[in-house]
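Below: the structure, in structure tokens.
Computed from heavy atoms alone, side chains included, the values below leave out hydrogens, waters and symmetry copies.
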Amino acid sequence: MNTLSKYKLWIGGALCLGVIALIIGAMRPKHVSAVQPGSPDVEVVQVEQKDVPIYSEWIGTLDGSTNADVRAQVTGYIVRQGYQEGAFAKQGQLLFEIDPRPFQAALDQAQGQLAQARANLANAQAVQGRTQLDVDRYTPLAKEQAASQQDLDNAIQNNLAAKASVETAKAQIQTYQAAVETAKINVGFTRLVAPIDGIVGQAQLQVGALANPASGPVTSVSTVDPIKVYFTVSEREYLAWNRRFPTEAARQAARAATPIQLILADGSTYQHDGTILFADRQVNQSTGAIRLAGMFSNPGNILRPGGYGRVRMAVRVQKGALLVPQRAVGQLQGGNQVAVVDGENKVSIRPVQLGDQVGSEWIVSEGVKPGERVIVEGVQKVRPGMQVKPKPFLAQEKGG
């Protein structure tokens, strides 16, 4: 009996030790893994370091590379419109016609007067020829006293008068020739034609309206391929550009090697790059800005004068810039910050100094290092010191 009791005591003690061991094992802290259960999922990108071009943008206004007003040079009623408004016209194409009948009548009259003046010249030359014969006949006779000196003097005076009549007739011919040319020009002015190739604007006068030189442009024509864009830059920007390229040869080479882009009114980027054409001769004293002109090819004449856009150009290259996505940058009390994930997947919130914007990214001038991971998605779920489950951020999966 004693032995049995001891045996039971041993068994009970062993069971108690086992239970105690299980309790202690359950209460003992286990090894903490790098990612604890319940850590939020976040998407991260590495801070990228590379050379990036820095762009500036300015508001631009489109204008035709050549613009021409079509004006009436003579007074008359418009009898025909020969073009479709807003359509392309070739140089010399008829746009309007003014009633040519009064001008054709004036031309016919001038031509008749010219013909009469030529007939008068022929008659005067015949008379002068006859008086010259009289002079030639009376001269030897007067020497031999076979004719009186008075007869010779009369013949000479008649000859001089006939020569003057010839010169007068020649002058009249020149006058009427000029009248004929003027009349021809006026007849030509009844046809208002396109002075250049381009898009023709709205008609300012309709058929039946009285046109005259004081009535203003009847319409306008603009060459839009290529098309100009005018924009203004500050004097400081202009001086900085010229300091980078101090000679005219260097500036021309830079303009040729630095294309400009045009951001259209709908936010899209125009498919053709342009070039800087020229800078204006002076700085605007009231604004402190200088006007520049760029040139873009415009096949299909899509761009039209008067349109607005943003001119974009790389003004410099920043070496070794640190880039983070814009969506990774948050704001707090007027400052900027990013959430950085370290090698143990712990989060730290860091203030950053931002530089220029490059597309959808910011240049960070202070606060992060190359290769560090910043949170792009899920930053609202984290706090300093929290462990997270980082995953690569795939912009294309987000539609960006």
Side-chain angles (χ1 to χ4, degrees), residues 68-83 89-197 205 207-219 221:
D69 289 337
V70 179
R71 297 174 181 267
Q73 301 296 315
V74 293
T75 299
Y77 290 96
I78 296 176
V79 295
R80 183 155 68 102
Q81 178 176 327
Y83 78 101
K90 297 288 289 182
Q91 183 178 12
Q93 179 179 329
L94 178 67
L95 303 181
F96 294 92
E97 185 177 11
I98 295 174
D99 188 357
R101 292 174 297 176
F103 305 98
Q104 184 63 50
L107 173 60
D108 294 341
Q109 182 181 7
Q111 288 174 334
Q113 291 171 335
L114 176 61
Q116 184 178 0
R118 285 173 174 163
N120 291 339
L121 174 62
N123 184 54
Q125 287 174 334
V127 172
Q128 192 271 330
R130 185 175 65 252
T131 58
Q132 184 63 48
L133 290 175
D134 290 342
V135 171
D136 294 341
R137 184 174 65 254
Y138 282 115
T139 299
L141 293 175
K143 287 180 180 181
E144 295 176 1
Q145 296 183 347
S148 67
Q149 185 64 36
Q150 183 64 43
D151 291 337
L152 177 60
D153 292 342
N154 290 340
I156 293 173
Q157 290 299 322
N158 291 336
N159 186 44
L160 291 174
K163 287 182 178 180
S165 297
V166 170
E167 295 302 319
T168 300
K170 289 181 178 179
Q172 288 180 337
I173 287 176
Q174 290 182 338
T175 299
Y176 290 127
Q177 282 178 333
V180 168
E181 291 301 318
T182 300
K184 286 181 178 179
I185 291 172
N186 288 336
V187 170
F189 281 156
T190 63
R191 293 175 55 85
L192 305 183
V193 299
I196 56 174
D197 292 347
L205 294 176
V207 172
L210 179 65
N212 60 71
S215 61
V218 182
T219 189
V221 185

Over 12 foreign heavy atoms within 6.0 Å of CD, Gln116 = no
ask   = According to the side chain to side chain donor-acceptor pair (under 3.5 Å) rule, which pairs have a member within residues 69-82, sequence neighbours left out?
value = Asp69-Ser220, Arg80-Glu97
key: Contact check, side chains of Leu95 and Thr219, non-hydrogen atoms, under 4.5 Å   = yes
ask   = If every non-hydrogen atom of Ala68 is compared with every non-hydrogen atom of Ile196, which pair is closest and at what distance?
value = CB-CD1, 4.1 Å
inquiry  = Considering only residues two or more places apart or on different chains, which pairs with a residue in residues 98-110 satisfy side chain to side chain donor-acceptor pair (under 3.5 Å)?
reply    = Asp99-Arg101, Gln104-Asp108
message = Testing the basics here: between Lys90 and Ala194, what is the closest heavy-atom pair and its distance to 0.1 Å?
response = O-CB, 3.5 Å
message = Test: ring pair (Phe, Tyr, Trp, His ring centres under 6.0 Å). Region: residues 151-190. Which pairs qualify, not counting sequence neighbours?
response = none
message = The criterion is salt bridge (Lys or Arg N to Asp or Glu O under 4.0 Å); which residues satisfy it with Arg191, sequence neighbours excluded?
response = none
Euclidean distance, Gln177 CD relative to Gln111 CD, rounded to 0.5 Å = 11.5 Å
ask   = What is the minimum heavy-atom distance between Leu205 and Ile78, and which atoms define it?
value = CB-CD1, 3.7 Å
Which pairs would a plain distance check flag for residues 155-174, meaning a side-chain donor or acceptor within less than 3.5 Å of a matching protein atom at least two apart in sequence or in another chain?
residue : atom : partner : partner atom : Å
Asn158  : ND2  : Asn154  : O            : 3.1
Asn159  : OD1  : Gln128  : NE2          : 3.3
Asn159  : OD1  : Thr131  : OG1          : 2.9
Asn159  : OD1  : Gln132  : N            : 3.4
Asn159  : ND2  : Gln132  : OE1          : 2.7
Ser165  : OG   : Ala161  : O            : 3.1
Thr168  : OG1  : Ala164  : O            : 2.9

remark   = Residues Ala183 and Leu107: closest non-hydrogen pair is CB-CA, 3.4 Å
request  = Return each pair, listed once, that meets ring pair (Phe, Tyr, Trp, His ring centres under 6.0 Å) where at least one residue sits in residues 91-119; pairs must be two or more places apart or across chains.
outcome  = Tyr83-Phe96
